[in-house]
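Shown next, in structure tokens, is the structure this report addresses.
Order of the sequence lines fixes the chain letters, A, B, ..., with proteins taken first and strands second; residue numbering starts at 1 for each chain.
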Amino acid sequence: MFIALRDIWRSRLRFGLLGGAVGLLIFLLLFLNTLSSTLLGFFVGAIENNSADVLVYEDTARRNLQASRLDPTLVAKVAEVPGVAAAAPIGELTLTADIGGNLTDLSLWGVDLNGPGRPQPVVKGRLPGPGEVVVDESGVAEGFKIGETIALVPSGTELEIVGYVRDRRYAVVATAYLDFDHWVAVFKTEFPGTPFVPLSLIGVQATPADDAAAVADRITAAVDGVEGLDRKTAASGTPGVDSISQSFTLIIGITFGIVVLVVGFFFLILTVQKLRSFVALRAIGASTGYLARSLIVQVVLLVLLGSLLASALLWVATLGATPAFPLSVDGGLVLTVTAAVLAFSVLAGMLSIRRIARADPAEAAHGGN
Amino acid sequence: MRIALAEMRRRQGRWATIVGAVSFIVFLVLVLAALADGLFIGSTGALRTGGSDALVYSIDGRRSLVRSELPISQLSAVAAVDGIADAGALGVLLATAATAGDSFDIAVIGHLPGHVGEPGRLVAGRRPGPDERLVGMADVSLKTEGIDIGDSVTLTGSSQPVEVIGFVEDSQFLLADTLWVPLTTWERLRFEVRPETVGLGSVVQAYPILVDDRADVAEVASAVDAAFGTTETVTTDEAILSLPGVEQQASTFTAIIGVSFLVVGVVIALFFALITLEKRGQFAILKAIGSSNPLLLTGVLVQALIATVAGYLGGFVLSRLVALVLPAAVPVEFLPSTARSLFLATIGMGAAGAAFSFRRIIRIDPASALGGEA
């Protein structure tokens, strides 16, 4: 331990550079993880965190909410399926909205305020009444604040914001929820002369005794033209989610591999450079275990130093974040990533320990390597 | 120089380490860049290859090709604005479709054949004539759905199959496969698949415009907006960056790639710092027998360049191998131009990393070769 610390102190430059490289790579890992979860949350938060246990799509919609167009009469048929405690219509429209004089995109959801799919919990304010909406609180940065009035464009329909929900954004745009009947009125205003108002989804609450996935399968089998999915399956099946999550998994995996390789490679070089000293130490009685522990201490300190640097860099990055795209230092994530990097770096350090263990202390007598 | 090369030959294991580390980082950078390029190309082809200088949207559509609504009756008035050489029309219908097999997502894009805005790269078959009905050109990406020339594509909710008579490339829209049909066909499909849009009348989403050779795009755009008062005209480049997520994706990937390059520089600097420390004695001897600082620094630089070139090649080969097994859901596009830029950037970072050790080498005292401190 003493030797390990003295070695680091006397070789500040090389350990500083290695710590810098590891820190930058861990920062990349943290940043990519944060970016991935924020992006996915903004993309399908309204589905993944929906209050309905099961979401029912048109079977040909390929799990795309905006392509799903259901006949309103299907709500009653879905409600009759065994295991369904309640079923309610859900409509979604993406519109242009005027908020405080600025035009912006808005995903407007019509839901049964007492049924599955209702915006719950309302984290601030109250449930909407006629002419009112609750919005996802990430929209605050775009001007969607309690007390403000949204004017839909071009119809001019006005909706007052009376509450916030959390993690309920959809398609990366500001998202608002209002009573289904009022949503139907908005739809008819936006599409004058429409022959009918199609539902985007049917929200289902499963009976307590039933598993959501099983109820979803039952609905798919019992009702023609629909596909029932539990929330998680619906969120991961949304077009584009697969591309995003697989792309990020790939990048994060490669970055993780590079961190471990860089740590492993460089400790191996350091070990080879110091092999003569290790041999001498073993010749005067230092055990392989003692030297191995010294090396592991160095790896651990280096990764912790890198992790600290990475957390600092992530904190700097959060200064540039906006409420519309929140980036935060997640302590749990930092710990998980650090622990994973630490574990694999120690494993990579085993290459160096093996090298030390194989060195013959007798070589110290004739100066060989 | 010869000493530098001889050293690399004699200590291959040591140099393989640095080449390996650089290879993996270059591999990461190349995959990231391919992903960034793939996302950009797959999202923007429909606008990029249409040959337009600018696009006219409705103000309330906020440059969204899906939500902008312009009456088709206004097209002739737009085309008559001074400085406009040609004006076309674009309409987008996002839908699902099926051939004989499974269903798939598709963007049906209505256009005016023979006018600006039609996809520029026909690679097989032919374009539809202005008066043809229910025929279209498919993006080559639709071949993966088993579609070939002569096949019919039927949208979900439609009873009107569209016959594919040609293939175009680089014409995707927001990562969706596209089917390009004449505007009249597009409207028929839209009214059938989205009956609620019947009440909106004959509308399109944008007018792509081509300006005269001697006209200024910004001035023509201003003239269009001033003439109608309800439009927002932006250059095609601005329209591309306004597509959902495109600008954000580009800036995010640029930042990640930048950090990765920084890591390349730091790793090279670290490696040469270690090597220089190890060789202080040898450098001192070389200086003592007359080697100049520039000679030694050139040797280090040559070693760094060889290591980074070898690392780049390793990363390049690795990225191409991984591309072969990537799932189809990961939209990667390996472009030669990107590979060239990244090669130069890698070399630059390698040289910068090696330069980190220059000061240390210059400070080595030749007298230390006699046994003093180096």
* Asked: Are R69(A) and E196(B) within salt-bridge range, i.e. N to O under 4.0 Å?
  -> yes
Side chain / backbone / both / neither for [X] at chain A, heavy atoms under 4.5 Å:
{"X": "V193(B)", "answer": "backbone"}
{"X": "R360(B)", "answer": "side chain"}
{"X": "A21(B)", "answer": "both"}
{"X": "I256(B)", "answer": "both"}
{"X": "L32(B)", "answer": "side chain"}

Please classify the contact between [X] and chain B as side chain, backbone, both or neither, with a heavy-atom cut-off of under 4.5 Å.
{"X": "A61(A)", "result": "backbone"}
{"X": "L103(A)", "result": "both"}
{"X": "T94(A)", "result": "both"}
{"X": "L95(A)", "result": "backbone"}

Taking the side chain as C-beta and beyond, is there a heavy-atom pair between [X] and [Y] under 4.5 Å?
{"X": "F265(A)", "Y": "V267(B)", "value": "no"}
{"X": "N64(A)", "Y": "L94(B)", "value": "no"}
{"X": "P195(A)", "Y": "V198(B)", "value": "no"}

* Taking atom CG of L17(A) and atom CZ of F356(B), what is their separation to the nearest 0.5 Å? -> 5.0 Å
